[in-house]
Enquirer: 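The structure under discussion is supplied below as structure tokens; questions concerning it will follow.
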Amino acid sequence: MRKLLIVDDEDGVRALVRMTLDSGRYEIIEAREGNEALALAREHRPELVLLDVMLPDISGLDVCRELKGDPDLAATTVVMLTARAQTTDLGDAEEAGADGYFTKPFSPIALTRKVEDILGPVA
């Protein structure tokens, strides 16, 4: 089963992402803070991390840098899932090593397509 890590401090956002992607084909892990996300990523080794930029403890950009700097996790696909959509925000995410950028609010269908583009279609 393919593993996804959803990182967002808002319970409602995590719930919406989970409902959107919970097809029974993914193991979905959730974190509400950056340090928790790093610990869960090291423990579970997800293939994809959907990561909010603004977290209560450390920035999602710092989480991304940490993941990409860890030889055991560097191949993990990280997609920023955030309300911040200015050109400078996109550049900051790219500089941090993010593999993609998806803005909130989002269409559940578009999010499903994005995940399938990354991991392949759900069989």
Enquirer: To the closest 0.5 Å, what do you measure between CD (Glu27) and CG (Asp22)?
Expert: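 One gets 11.0 Å once the value is rounded to the nearest 0.5 Å.
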Enquirer: List the atom of Val78, the atom of Cys64, and the distance in Å for their closest heavy-atom pair.
Expert: CG1-SG, 3.8 Å
Enquirer: When rounded to the nearest 0.5 angstrom, what distance separates CG in Leu38 from CD in Glu43?
Expert: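 The CG atom of Leu38 sits 13.0 Å away from the CD atom of Glu43.
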Enquirer: Could you go through Tyr26 and Leu48, starting from their C-alpha distance and side-chain angles, then the distance that decides it, and tell me whether this counts as side chain to side chain contact (heavy atoms under 4.5 Å, CB included)?
Expert: CA-CA 10 Å; Tyr26 304 120; Leu48 173 62; over 6 Å; no
Enquirer: What do you reckon, is CZ of Arg113 surrounded by more than 12 foreign heavy atoms closer than 6.0 Å?
Expert: no
Enquirer: Please evaluate residues Lys114 and Asp117 with respect to the criterion salt bridge (Lys or Arg N to Asp or Glu O under 4.0 Å), reporting the C-alpha separation (whole Å), side-chain torsions for both, the decisive distance (0.1 Å), and the verdict.
Expert: CA-CA 5 Å; Lys114 180 76 165 177; Asp117 285 349; over 6 Å; no
Enquirer: Counting C-beta onward and ignoring hydrogens, is there a side-chain heavy-atom pair between Lys104 and Val13 closer than 4.5 Å?
Expert: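 Yes, side chains in contact.
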Enquirer: What are the two closest heavy atoms between Leu81 and Asp8, and how far apart are they?
Expert: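 Residues Leu81 and Asp8, closest heavy atoms: O-OD2, 4.5 Å.
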Enquirer: Please report the shortest heavy-atom distance between Thr82 and Tyr101, naming the atom on each side.
Expert: CG2-OH, 3.1 Å
Enquirer: Has Arg2 got a side-chain atom pairing as donor or acceptor with Arg25's backbone, closer than 3.5 angstrom?
Expert: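 Flag not set: sc Arg2 to bb Arg25 has no pair under 3.5 Å.
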Enquirer: Search all heavy atoms of Glu30 against all heavy atoms of Leu40 and return the closest pair with its distance.
Expert: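 Smallest heavy-atom distance, with atoms named: O-CD1, 3.3 Å.
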Enquirer: With a 4.5 Å cut-off on side-chain heavy atoms, are Glu66 and Arg42 touching?
Expert: yes
Enquirer: Test side chain to side chain contact (heavy atoms under 4.5 Å, CB included) on Leu50 and Val7 and set out the steps.
Expert: CA-CA 6 Å; Leu50 298 173; Val7 185; over 6 Å; no
Enquirer: Glu95 versus Leu61: any side-chain heavy-atom pair under 4.5 Å?
Expert: no
Enquirer: For a 4.5 angstrom cut-off between non-hydrogen side-chain atoms, does Thr77 reach Glu47?
Expert: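 No, too far: nothing below the 4.5 Å cut-off.
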Enquirer: Calculate, to the nearest 0.5 Å, the distance between atoms CG and CD belonging to Asp99 and Glu94 respectively.
Expert: 10.5 Å
Enquirer: Would you say Ile28 and Leu21 make side-chain contact, with heavy atoms under 4.5 Å?
Expert: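 Ile28 reaches Leu21 side chain to side chain.
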Enquirer: Enter the distance from Thr103:OG1 to Met80:CE here, rounded to the nearest 0.5 Å.
Expert: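 Result: 12.5 Å between the selected atoms.
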Enquirer: Is Lys3 reaching over with its side chain to a backbone N or O of His44, donor-acceptor style, under 3.5 angstrom?
Expert: yes
Enquirer: Salt bridge or not between Asp9 and Arg14? Use side-chain N to carboxylate O under 4.0 Å.
Expert: no
Enquirer: Could you state the interatomic distance from CG (Leu5) to CD (Glu36), rounded to the nearest 0.5 Å?
Expert: 8.5 Å
Enquirer: Under 4.0 Å between a Lys/Arg side-chain N and an Asp/Glu carboxylate O for Asp52 and Arg32?
Expert: no
Enquirer: Would Met19 end up clustered with Leu111 when hydrophobic side chains under 4.5 Å apart are linked, directly or stepwise?
Expert: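 In one cluster with Met19: Leu111, yes.
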Enquirer: Taking Asp57 for its side chain and Glu33 for its backbone only, find out whether a donor-acceptor pair lies under 3.5 Å.
Expert: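 Absent.
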Enquirer: Can you name the nearest heavy-atom pair linking Leu67 to Ala41, along with the distance?
Expert: CD2-CB, 3.6 Å
Enquirer: Taking it one step at a time, do Asn35 and Leu55 satisfy side chain to side chain contact (heavy atoms under 4.5 Å, CB included)?
Expert: CA-CA 10 Å; Asn35 287 314; Leu55 298 170; over 6 Å; no
Enquirer: Can you give me the closest heavy-atom contact between Val63 and Ala37, atom names plus distance?
Expert: CG1-CB, 4.5 Å
Enquirer: Less than 4.5 Å apart, side chain to side chain, heavy atoms only: is that true for Thr112 and Ile109?
Expert: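 Not in contact.
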